[in-house]
**Student:** 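Quick one: this structure, given as structure tokens, is what I'll be asking you about.
If you read the sequence from its start, that first residue is 1, and numbering goes on from there.
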Amino acid sequence: MSARLWDKGGATDAQMLRYTSRDDWQLDQRLLAYDLRATIAHVRGLARIGVLSEAERDALVRELEALAAQNEAGALRLTEDDEDGHSAIEAALVARIGDAGKKVHTGRSRNDQVLVAMRLYERDALDELAEHASAGARALLDLARREAETPMPGYTHLQRAVPSSVGYWAASFVEGLADAVDVVRATRALVDRCPLGGAAGFGVNLPLDRVGVARELGFAGVALNPLASQTSRGLIEAQILAAAWQVVAVCRRLAWDLSLFAMSELAFVRLPEAFTTGSSIMPQKRNPDVVELMRAACSVVQGALAEVQSIVALPSGYHRDLQLTKGPTMRGLDEALATSRLLPRLVAGLELDRERMARAITPECFATDRAVELAVQGVPFREAYRKVAAEIAALPAGDAAASLRARVSLGAPGNLALDDLARRLEGQQAR
């Protein structure tokens, strides 16, 4: 059993310890690699200001790197008795090298220790989320290029509206995901400041090399005010989950469309067989489970966001409430990552029924085109609108391809600006 970092030798209550520790030790298993990495940087920083000797530094770094390798191999497992990863690391160092291990916490609190581990984890998770969302956008861009002129009905209020195209529909998700990636990248910039060295939120009476430690950990800069660092916990997590929600909200809209388009009544698309399941009683069924769970994923992320937002209604300084932001943050990010990871394969595997989509573009879909034609001929648009409305039942079938080509305003079906979208995605990749 690890000695708890706050234990001063007093009596402990097992029920209280279980209540305060909760699942923190399990969550810290996921943060252990980051905690070890930050501890190595902290040790080197302490040596630079003379708090640790070179021999102590070398011994600590050697053992921390050994623990990191053990953790990577899956052999360093936390238990409920460890309370958290911080206690487990220090206990392991003391067991291996004695008194030098007791010096590792100098100038540091569990507060800034968990903050830096979370920031490192969050930075990686946001990078991965941006990568998956971009990959989904590129898959949709490929679909838009292949099917740029494939007609399909456009809908508003779930009613047939005007002729549209598969390329136009797909391009809408390309741009939506590009917007989401911008939000994720902007949020990553908030995370990219190192809080280590802020201790419990009020700094320490040591000339810590905070800049050097931040640089070693790959941060863009230092989170300067320790009190601001502490009060950022939960607030930044809420922003992270809001960015994740932006990604899965676009995925939800796509999933909704696909679940409708795959209905036998429409049958515009056939989902990849690997992304469907069967019924336990109805032999004919192919259930769109993946797209349905993609819809639900947005609610999971939104629930995690609401949970974090409700926890952070606190005054300045650290409060134990903030421990409970760790779980929903990880849960929300996990859901967003799992959802976005599947997106490229889903899009690439779609099968289109072009004939059914073309047949679904019925004469009334050309009413707006007819009204615009009359306006171009000099009829005031409102009069043209009313004239066409009175003649809907008599409208002849139109030419969907011609309708698409005629809409040449920037971004419209006849001028999709896919190269512009491609350049935007390439610019996001280059960052």
Side-chain angles (χ1 to χ4, degrees), residues 129-155 161-182 184-185 246-262 266-275 290-291 294 339-361 365 369 398-431:
L129 184 58
E131 180 183 338
H132 293 322
S134 295
R138 291 193 297 275
L140 284 156
L141 181 63
D142 289 342
L143 177 62
R145 290 193 189 283
R146 290 196 308 271
E147 308 294 338
E149 298 179 0
T150 301
M152 68 178 293
Y155 292 88
V162 296
S164 184
S165 71
V166 174
Y168 180 73
W169 171 82
S172 75
F173 293 103
V174 176
E175 190 158 10
L177 286 169
D179 289 345
V181 170
D182 280 344
V184 172
R185 294 294 191 202
Q246 184 87 7
V247 173
V248 291
V250 178
C251 294
R252 176 174 62 182
R253 181 163 55 86
L254 175 66
W256 251 122
D257 283 3
L258 290 176
S259 59
L260 292 171
F261 293 167
L266 291 181
F268 293 167
V269 302
R270 182 180 175 88
L271 300 173
E273 190 167 347
F275 283 55
V290 168
V291 294
M294 280 184 164
T339 300
S340 59
R341 192 177 291 121
L342 285 174
L343 190 57
R345 289 178 54 209
L346 171 64
V347 172
L350 295 176
E351 298 176 24
L352 306 178
D353 191 327
R354 297 168 183 81
E355 291 185 8
R356 284 189 72 99
M357 288 189 286
R359 286 199 302 271
I361 303 174
C365 293
D369 286 351
D399 183 339
S403 175
L404 295 174
R405 286 194 301 269
R407 269 174 279 147
V408 294
S409 57
L410 184 62
N415 184 12
L416 290 175
L418 297 182
D419 288 343
D420 291 336
L421 289 174
R423 280 190 290 272
R424 183 175 176 192
L425 294 178
E426 288 166 6
Q428 289 177 331
Q429 270 191 294
R431 292 185 191 181

**Student:** My understanding is that only residues two or more places apart in sequence, or in another chain, count here; which of them pass salt bridge (Lys or Arg N to Asp or Glu O under 4.0 Å) with Arg354?
**Tutor:** Glu147

**Student:** Measuring from atom CE of Met357 to atom OG1 of Thr150, what distance do you get when rounded to the nearest 0.5 angstrom?
**Tutor:** 6.0 Å

**Student:** Tell me, please, which residues at least two apart from Arg252 pass side-chain hydrogen bond (donor to acceptor under 3.5 Å, both in side chains).
**Tutor:** none

**Student:** If every non-hydrogen atom of Ser164 is compared with every non-hydrogen atom of Pro153, which pair is closest and at what distance?
**Tutor:** CB-C, 4.0 Å

**Student:** Apply ring pair (Phe, Tyr, Trp, His ring centres under 6.0 Å) to Phe261 and list each qualifying residue two or more places apart in sequence or on a separate chain.
**Tutor:** Trp169, Phe268

**Student:** Specify the closest pair of heavy atoms between Gly136 and Leu343, including all atoms of both residues, with the distance to one decimal.
**Tutor:** CA-CD2, 3.9 Å

**Student:** Not counting sequence neighbours, which residues clear side-chain hydrogen bond (donor to acceptor under 3.5 Å, both in side chains) with Asp420? List them please.
**Tutor:** Arg423

**Student:** Is the shortest heavy-atom distance from the side chain of Val290 to the side chain of Leu271 under 4.5 Å?
**Tutor:** no

**Student:** Can you name the salt bridge (Lys or Arg N to Asp or Glu O under 4.0 Å) partners of Arg341, sequence neighbours left out?
**Tutor:** Glu128

**Student:** Which pairs count as salt bridge (Lys or Arg N to Asp or Glu O under 4.0 Å) when at least one residue sits in residues 164-173, sequence neighbours excluded?
**Tutor:** none

**Student:** Go through it in stages, so that I can follow the logic: the residues are Asp369 and Arg407, the test is side chain to side chain contact (heavy atoms under 4.5 Å, CB included), and I'd like the CA-CA distance, side-chain angles, deciding distance and then a yes or no.
**Tutor:** CA-CA 9 Å; Asp369 286 351; Arg407 269 174 279 147; 4.2 Å; yes

**Student:** Work out which heavy atom in Val247 is nearest to a heavy atom in Ala133; give both atom names and the distance.
**Tutor:** CG1-CB, 4.2 Å

**Student:** Using the side chain to side chain contact (heavy atoms under 4.5 Å, CB included) rule, take Ser340 and Leu129 through it: C-alpha gap first, then chi angles, then the decisive distance, then the call.
**Tutor:** CA-CA 7 Å; Ser340 59; Leu129 184 58; 3.6 Å; yes

**Student:** When rounded to the nearest 0.5 angstrom, what is the spacing between CE in Met294 and CG in Leu346?
**Tutor:** 5.0 Å

**Student:** Just verifying a value: how many Å separate Leu254 CG and Thr339 OG1, rounded to the nearest 0.5 Å?
**Tutor:** 11.5 Å

**Student:** Please name all residues satisfying side-chain contact (heavy atoms from CB on, under 4.5 Å) with Ser134, sequence neighbours left out, ordered by chain then number.
**Tutor:** Arg138, Val181, Gln428

**Student:** Which distance, rounded to the nearest 0.5 Å, do you find between the CZ of Arg270 and the CG of Leu350?
**Tutor:** 12.0 Å

**Student:** If you take all heavy atoms of Leu177 and Ala137, which pair is closest and at what distance?
**Tutor:** CD1-N, 3.6 Å

**Student:** Please enumerate all residues that pass side-chain contact (heavy atoms from CB on, under 4.5 Å) together with Arg253, with sequence neighbours excluded.
**Tutor:** Ser172, Phe173, Val250

**Student:** Taking side-chain contact (heavy atoms from CB on, under 4.5 Å) as the definition, give me every residue that meets it alongside Ala148, ordered by chain and number, with sequence neighbours left out.
**Tutor:** Leu416

**Student:** Let me see the working for Leu421 and Glu175 under side chain to side chain contact (heavy atoms under 4.5 Å, CB included), right down to the final yes or no.
**Tutor:** CA-CA 7 Å; Leu421 289 174; Glu175 190 158 10; 4.0 Å; yes

**Student:** Using residues 139-146 as the side-chain source, report each donor-acceptor pair under 3.5 Å to any protein atom, sequence neighbours left out, with the distance given to one decimal.
**Tutor:**
residue	atom	partner	partner atom	Å
Arg145	NH1	Asp419	OD1	3.2
Arg145	NH2	Asp419	OD1	3.4

**Student:** Test of understanding: with side-chain hydrogen bond (donor to acceptor under 3.5 Å, both in side chains), list the residues that count as partners of Ser259, not counting sequence neighbours.
**Tutor:** Arg295

**Student:** Under the side-chain hydrogen bond (donor to acceptor under 3.5 Å, both in side chains) rule, collect the residues that match up with Asp353, sequence neighbours excluded.
**Tutor:** none

**Student:** Leu404 and Pro163: which non-hydrogen atoms are nearest, and at how many Å?
**Tutor:** CD2-O, 3.8 Å

